[in-house]
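Lettering follows sequence order; numbering is per chain, from 1.
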Amino acid sequence: MKMEDMSLSGLDNTKLEALAQDIYSDLVEDACLGLCFEVHRAVKQGYFFLDDTDQESMKDFEIVDQPGVDIFGQVYNQWKNKECVCPNCNRSIAASRFAPHLEKCLGMGRNSSRIANRRIASSNNMNNKSESDQEDNDDVNDNDWSYGSEKKAKKRKSDKVFLHSLKQHIPLVSFIAVRYLFMFCMLCFCPHVIARGPIDF
Amino acid sequence: FYWHCVQQHARFIERFGLKELLRAKLTECGWRDQLKAHCKDVIKEKGLEHVTVEDLVVEITPKGRVLVPDSVKKELLQRIRAFLAQHAT
């Protein structure tokens, strides 16, 4: 901090006082200007008078506090047991099972490659495997989404399938590792990047 | 030399967080809300579509300077003086 360069030692009390007043009025003017710019922007962007709505329209948006209903007044679990049609295979799936089904169906989720690889492995061994068996496996693995049923799925993997799926995930794993390493280095070597508040004398 | 002083001045204010301190105090004591209400009057007077930054600055800044509460002014001046006293000898 090069404040010493300012050579204040030569100034007497009246000049110091004048300097202090100068600095103070500068700060106040800065605050005023800041407010002006903020207000002007709010006016031009159209959000300045947003909190001036009348009582009647305010009542339309009041927070609802009833049981069984969310703060907008809508019932929130009415979609739980509805059925959706999968756009890929055109089957009718329950809403709570829809996300995991889509993962397997489109072959895009974290677990989908495992299942697909197992199918490839099993179809290489037994060419006469029926369609319905594969579909059943699909539904059983939907349980991955609930707690405690992951053990069944994991124990059935063969080594070959496991290595193959790991190889596919290498780019993702390395990306995550690099990101954590970067964050760690930032914390260790660049702590001054973290903002500081006003300093007390 | 003048520009050097201005730079030092700016660096001093930034370094010791006086700007943020003042803004926080002014918001806390309701200065901002008062001034915003005054802004609304100015805007209604000049018309929402045609108000410019200069209009606002000319109307708001003098009032803003006057409306700063005495306690805030005293505290800020105290801090500034303390710092200057520390570094003057």
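Once rounded to the nearest 0.5 Å, the distance linking CD1 of A:I23 with CZ of B:R79 reads 14.0 Å. A distance of 5.5 Å separates CG of A:L35 from CZ of B:R32, quoted to the nearest 0.5 Å. Atom-to-atom distance recorded for A:D26:CG and B:L22:CG is 11.0 Å, nearest 0.5 angstrom. For the atom pair A:C36 SG and B:E54 CD, the distance stands at 10.5 Å (nearest 0.5 Å). In this structure, OH on A:Y24 lies 8.5 Å from CD1 on B:I80, to the nearest 0.5 angstrom. Residue B:K73 holds its NZ atom at 12.5 Å from CG of A:L27, rounded to the nearest 0.5 Å.
Atom CZ of B:R65 is surrounded by more than 12 heavy atoms from other residues, nucleotides or ligands within 6.0 Å. Counting non-hydrogen atoms of neighbouring residues, nucleotides and ligands closer than 6.0 angstrom, the OH atom of A:Y47 exceeds 12 such neighbours. The number of heavy atoms from other shown groups lying within 6.0 Å of CG (A:N90) is above 12.
Residue contact with chain A, scored on non-hydrogen atoms closer than 4.5 Å, involves the side chain of B:L26 exclusively. The contact between B:V68 and chain A is made entirely by side chain atoms (from C-beta outward), counting heavy-atom distances below 4.5 Å. Proximity to chain A is absent for every atom of B:K25, based on heavy atoms less than 4.5 angstrom apart.
The minimum heavy-atom distance between B:G64 and A:C32, with the atom names listed, is CA-SG, 3.9 Å. Nearest heavy-atom pair across A:H40 and B:T52 is CD2-C, 3.7 Å.
Residues B:L48 and A:F48 have side chains not in contact (no heavy-atom distance under 4.5 Å, counting atoms from C-beta outward). In this structure, the side chains of A:F49 and B:I43 come closer than 4.5 Å at one or more pairs of heavy atoms.
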Please evaluate residues B:K36 and A:E38 with respect to the criterion salt bridge (charged side-chain N to carboxylate O under 4.0 Å, His left out), reporting the C-alpha separation (whole Å), side-chain torsions for both, the decisive distance (0.1 Å), and the verdict. CA-CA 10 Å; B:K36 241 184 164 179; A:E38 259 180 61; 5.6 Å; no
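When the candidates A:D22, A:D30, A:L33 are compared by the number of heavy-atom contacts under 4.5 Å with chain B, A:D30 comes out ahead.
Electrostatic pairing of B:E49 and A:K44 does not count as a salt bridge here, judged by no charged N lying under 4.0 Å from a carboxylate O.
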